[in-house]
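For reference, the structure is listed below as structure tokens.
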Number of protein chains: 2
Amino acid sequence: MSRLKQITEAVRDAGSLGVADLASLTGASEMTIRRDLEILAAQGVLERYRGGARSLLLRGSEPPFALRSDDNTAAKRRIAAAVAALIADGESVVLDSGTTCLEVARLLHDRRLTVMPLSLHAVNALSSSSTLTLLVPGGRPRPGELALTGPLTLASLQSLRFDTAVIGCCGLSAEHGLTAFDLEDAAVKRAAITSARRVIAAVDASKLTRTALAHVAAVSSLDAVVTDAESAEGLAAAGVAVVTA
Amino acid sequence: MSRLKQITEAVRDAGSLGVADLASLTGASEMTIRRDLEILAAQGVLERYRGGARSLLLRGSEPPFALRSDDNTAAKRRIAAAVAALIADGESVVLDSGTTCLEVARLLHDRRLTVMPLSLHAVNALSSSSTLTLLVPGGRPRPGELALTGPLTLASLQSLRFDTAVIGCCGLSAEHGLTAFDLEDAAVKRAAITSARRVIAAVDASKLTRTALAHVAAVSSLDAVVTDAESAEGLAAAGVAVVTA
DNA sequence: CGTGATTGAACAACAGTGATGTTCGAAACT
DNA sequence: AGTTTCGAACATCACTGTTGTTCAATCACG
């Protein structure tokens with residue numbers, strides 16, 4: 001586990017912690033801790049005060065992108081591979097934001113497709129491809145996440161029709177459907193689902209036990225769920241094709 | 001001068017050249033030349049054949065972004081600084097593609113502005129800013145240049161009104177006005193100019209002696225021209241404020 | 001179909017970059 | 001005023017990316 005994540009979690013659990021505490025916890029020098037705190041403060045994870053830092057992470061919010069990106073990479077890669085296998089050459093695809101979908105983007109780099117990613121991370125991963133047609137939606141990128149949101153994004157989606165939408169999410173359950181932490185993100189995901197003929201959700205096991213604030217769509221609007229969890233009976237019962245990666 | 005640019009120009013001037021020729025010309029090993037040719041072929045600069053490469057650069061087209069980006073940096077920085085000085089805090093700015101405008105983007109990173117860049121390079125340069133409101137236009141990024149073009153870009157521009165447009169160009173003269181190499185780019189530039197109250201052109205001296213294929217706008221639609229050239233009387237006579245950086 | 005030239009994969013050497021620790025003067029809190 | 005904390009500057013180290021070398025495979029041409 002990276003030191004930044006270790007610090008983030010320690011500060012979150014304790015509410016606030018001193019620089020010396022974090023130095024002895026991580027084994028790094030105090031100077032390094034200060035540099036880390038500066039980075040994390042810039043990401044909005046915590047707030048510095050003289051001698052230490054206090055957490056800014058609310059319950060029900062998400063740790064920032066940079067800290068999630070190398071979480072569970074093995075599972076994400078497996079899920080992403082299964083999603084990529086469901087997509088046929090020549091299709092047009094709208095690709096949601098988030099770390100799992102970013103892995104999907106990497107696997108699509110050399111395919112022959114039309115792709116509209118909903119985050120700048122995925123745009124960057126794909127912008128060097130010479131085989132696919134890359135479409136960038138308009139919008140305001142949320143800091144860190146770089147997920148595109150707002151009226152420009154919605155307008156871009158509404159003017160197009162895709163074969164497939166690949167949606168990541170923060171929570172998924174048969175009862176509450178697809179949920180997201182961010183309200184604007186939820187609106188974008190909804191627009192992406194509406195503009196696609198087929199909807200694939202890419203969901204790692206941890207998401208199946210969680211429900212986030214904003215409702216995106218009912219399970220019935222999904223065509224397939226790709227997951228690494230074995231226990232997805234609830235979803236299968238709701239009439240969705242469950243693909244286990 | 002970088003070896004890649006040296007190779008590009010040598011091959012362009014000779015039409016085609018052998019690997020051994022390029023190795024002795026640059027002083028690098030043949031293996032390195034082969035690796036360079038692979039890179040340049042991927043950029044569409046040239047075409048490889050067994051034993052050498054032949055140029056694909058047409059007269060009237062532009063060398064790719066990666067090769068222009070560290071050309072004349074000193075002049076570009078000066079021009080960019082003068083442009084940035086013309087922009088007041090709180091303004092909304094649409095920022096054209098190209099290497100000069102990318103320098104402007106870098107200088108705007110910590111300002112309090114609303115900025116819509118027309119190339120992904122500038123988007124990336126600005127996406128880590130916490131002070132400015134970044135708007136991404138939709139569109140299809142042109143390979144290498146990463147300039148956004150197409151109907152999505154035009155729609156994004158048409159739905160907004162900016163205080164200032166900062167336009168780079170490929171050619172500028174009192175007689176032929178502002179010109180660009182790429183037709184789609186020209187349409188985007190035109191839309192940017194239309195959607196802004198004030199138009200600033202950022203033009204290094206080499207552009208003032210050139211005219212490119214696509215007409216963008218007459219000199220009279222510009223409010224100011226920022227350049228490093230001394231001899232801009234023609235433009236001043238046409239009624240434009242000329243700022244010498 | 002053979003022969004010589006060309007290619008690219010694999011490895012080694014090297015330089016440039018980024019991360020970490022240490023020191024020390026300046027700033028901040030008590 | 002005294003103590004603590006902070007961050008700039010420099011040294012060190014690991015790592016990454018670039019270059020060169022070697023060699024087996026491939027290609028073009030006679």
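The sequence lines fix the lettering, A, B, ..., with proteins before strands; numbering per chain opens at 1. FYI, side chains are in, hydrogens and waters are out, and symmetry mates aren't considered; it's all heavy atoms of this structure. As the structure is a prediction and not an experimental result, all values here were calculated from the model.
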Q: Let me see the working for A:Asn124 and B:Asn124 under side chain to side chain donor-acceptor pair (under 3.5 Å), right down to the final yes or no.
A: CA-CA 9 Å; A:Asn124 287 329; B:Asn124 288 330; 3.0 Å; yes
Q: Please answer whether the main-chain N or O of A:Ser92 pairs with a side-chain N or O of A:Asp163 as donor and acceptor at a distance below 3.5 Å.
A: yes
Q.
In this structure, how many angstroms lie between the C1' atom of D:dA25 and the CZ atom of B:Arg50, rounded?
A. 10 Å
Q. If we fit an axis to the first five pairs and another to the last five of the helix from C:dC1-D:dG30 to C:dT30-D:dA1, what angle do they make, to the nearest 10°?
A. 40°
Q: Check whether more than 12 heavy atoms from other residues, nucleotides or ligands sit under 6.0 Å from atom CZ of B:Arg112, and answer yes or no.
A: no
(Q) In this structure, how many angstroms lie between the C1' atom of C:dA19 and the CD1 atom of A:Ile7, rounded? (A) 14 Å
Q) Does the distance from a Lys or Arg side-chain N to an Asp or Glu carboxylate O, for A:Asp71 and A:Arg68, drop under 4.0 Å? A) no
Q: Check the side chains of B:Ser128 and B:His109 for a donor-acceptor pair under 3.5 angstrom, ignoring hydrogens and angles.
A: yes
Q: Round to the nearest Å and state the distance from A:Arg48 atom CZ to C:dA28 atom C1'.
A: 13 Å
(Q) Which residues in residues 21-41 of chain B have a heavy atom closer than 4.0 Å to any atom of DNA chain C? (A) B:Met31, B:Arg34
(Q) Surrounding CZ of B:Arg140 (heavy atoms of other residues, nucleotides or ligands, distance under 6.0 Å), is the total greater than 12? (A) no
Q: Go through the side-chain N and O atoms of A:Glu91 and A:Thr164 and say whether any donor and acceptor fall under 3.5 Å apart.
A: yes
(Q) Whether B:Arg3 contacts D:dT19 is assessed here as follows: a side-chain N or O lying under 4.0 Å from the phosphate OP1 or OP2. Is that the case? (A) yes
Q. Is there a donor-acceptor pair under 3.5 Å between the side chain of A:Ser156 and the backbone N or O of A:Gly138?
A. yes
